[in-house]
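Contents: one structure, followed by commentary.
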Amino acid sequence: TAATIETHGLRKHYGRTLAVNDLTFTVVPGRVTGFVGPNGAGKSTTMRMILGLDTPDEGRALVGGRPYRGLRTPLRHVGALLDANALHPARRACDHLLWMAHSNGIPARRVDEVLDQVGLATVARRRAGAFSLGMKQRLGIAAALLGDAPVLMFDEPVNGLDPEGIRWICGLLRGLAAQGRAVLVSSHLMSELEDTADHLIVIGRGRLLADTSVRDLRAQA
Ligand code: ADP
Ligand code: ADP
C-alpha cells in the first residue's frame, strides 16, 4: 500500500464555498488516474489536502496508508506538481532542485538525473523566470520526480501546452505508471486525459460524480 492515495469523506469550506464535499476515492499503483472536473470543481483543494497544505473540515487523506504530515521524508513518499508558476523566477532551475534535494535529504546527483529525465539538462543554469510555460511544467515535474516517490500527483500539467508538449507529458505519465507508481493527474478537460488515463475520477462542485475505469467507460459508449 506504499503506492496509494486514499481519501475518506474529505470536506472543505472556504467561507461559504463548499470546495470539497464528502470525497472518497482511492488511487492505486501502476495506473494513471485522471482527476477530472471543471474549473472550480475542487481538484486543487483535494490535492492540497492530500499534501497537508490545507486542513480538511472533515475526513482525511492518506498517502501510502499514512497522513502526509506523519511522513518523515515526504518527498520520498509523494512527489507533486501543483503550480508551475509558483517557482521563484530569479532562481536557476538547478538551484530550485538542489535546494529541494538538500532540504529533503536527497542526494544531489538526483538533480542531474531528473533534469535529464525532463529534457532540461542543457538549460539547468538558466533562471526559471526565463522559462516558457512548457519548460516551467517540466521543471515542476522534475521537482516531483526528485524523491523517486511511489506516489505522484500533477495538477493540470498539460494546461496551455502545445500538442507536442502534451504528448511528451502523457508519455511520461504512462512510463511512471508502468514502473508501478500511483499517478494522479488533474485536468478540466476529459479529452486531455482519455487516451492517457486508465481510470477516471470525475468531480463537480466538490462531489464525486464518477469513479470508473476508462475501459468500462468505453464499453458503455
Ligand atoms: P479546481 O482545482 O477544480 O479548479 P479548486 O480546488 O481550485 O478547484 O477550487 C474549488 C473551489 O474552492 C472554488 O470555488 C474556488 O474558488 C474555491 N477556493 C479554492 N481555494 C480557495 C481559497 N484559498 N480561498 C477561497 N476559496 C478558495
Ligand atoms: P484487469 O486485470 O481486469 O485489467 P485492473 O487491474 O486493470 O483489472 O483493474 C482492476 C480494478 O481496479 C478495475 O475495476 C479498475 O477499474 C480498478 N482500478 C484501476 N485503477 C484504479 C484507480 N486508479 N482507482 C480505483 N480503482 C482502479
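Numbers for residues simply follow the sequence, beginning at 1. Each ligand, and each atom within it, is numbered from 1 in the order the structure gives.
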Would you say that [X] contacts [Y] through its side chain, given a criterion of any heavy-atom pair below 4.5 Å between the two side chains?
| X | Y | result |
| --- | --- | --- |
| Val111 | Leu146 | yes |
| Leu161 | Trp168 | no |
| Phe25 | Thr46 | yes |

For atom 5 (P) of ligand 1, state which one of Asp54, Thr45, Val36 supplies the nearest heavy atom.
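Heavy atom nearest to atom 5 (P) of ligand 1 belongs to Thr45.
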Going by heavy-atom distance to atom 8 (O) of ligand 1, choose the closest among Gly42, Ser186, Ser44.
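Checking each option, the heavy atom nearest atom 8 (O) of ligand 1 is found in Gly42.
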Which ligand 1 atoms are under 4.0 Å away from a heavy-atom of [X]?
| X | value |
| --- | --- |
| Ala41 | 1 (P), 3 (O), 8 (O) |
| Thr17 | 14 (O) |
| Asn39 | 4 (O) |

Any non-hydrogen atom of Pro38 lying under 4.0 Å from ligand 1?
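Contact check Pro38 vs ligand 1: positive.
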If the threshold is 4.0 Å, N to carboxylate O, is there a salt bridge linking Arg181 and Asp148?
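The answer is yes: the pair qualifies as a salt bridge.
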Does the pair Arg167/Asp162 count as a salt bridge with the N-to-O cut at 4.0 Å?
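Here Arg167 does not pair with Asp162 in a salt bridge, since their nearest N and O are not under 4.0 Å apart.
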Can you tell which part of Arg48 has a heavy atom less than 4.0 Å from ligand 1: side chain, backbone, both or neither?
side chain
Looking only at protein heavy atoms, identify the closest one to [atom] and say how far it is in Å.
| atom | answer |
| --- | --- |
| atom 13 (C) of ligand 1 | Gly40 O, 3.7 Å |
| atom 12 (O) of ligand 1 | Ala19 CB, 3.2 Å |
| atom 18 (N) of ligand 1 | Tyr14 CD1, 3.4 Å |

With rounding to the nearest 0.5 angstrom, report the [atom1] to [atom2] distance, [X] to [Y].
| X | Y | atom1 | atom2 | result |
| --- | --- | --- | --- | --- |
| Lys43 | Asp155 | NZ | CG | 7.0 Å |
| His88 | Arg127 | NE2 | CZ | 11.0 Å |
| Glu192 | Glu156 | CD | CD | 7.0 Å |

Does any N/O atom on Thr46 come nearer than 3.5 Å to any N/O atom on ligand 1?
no
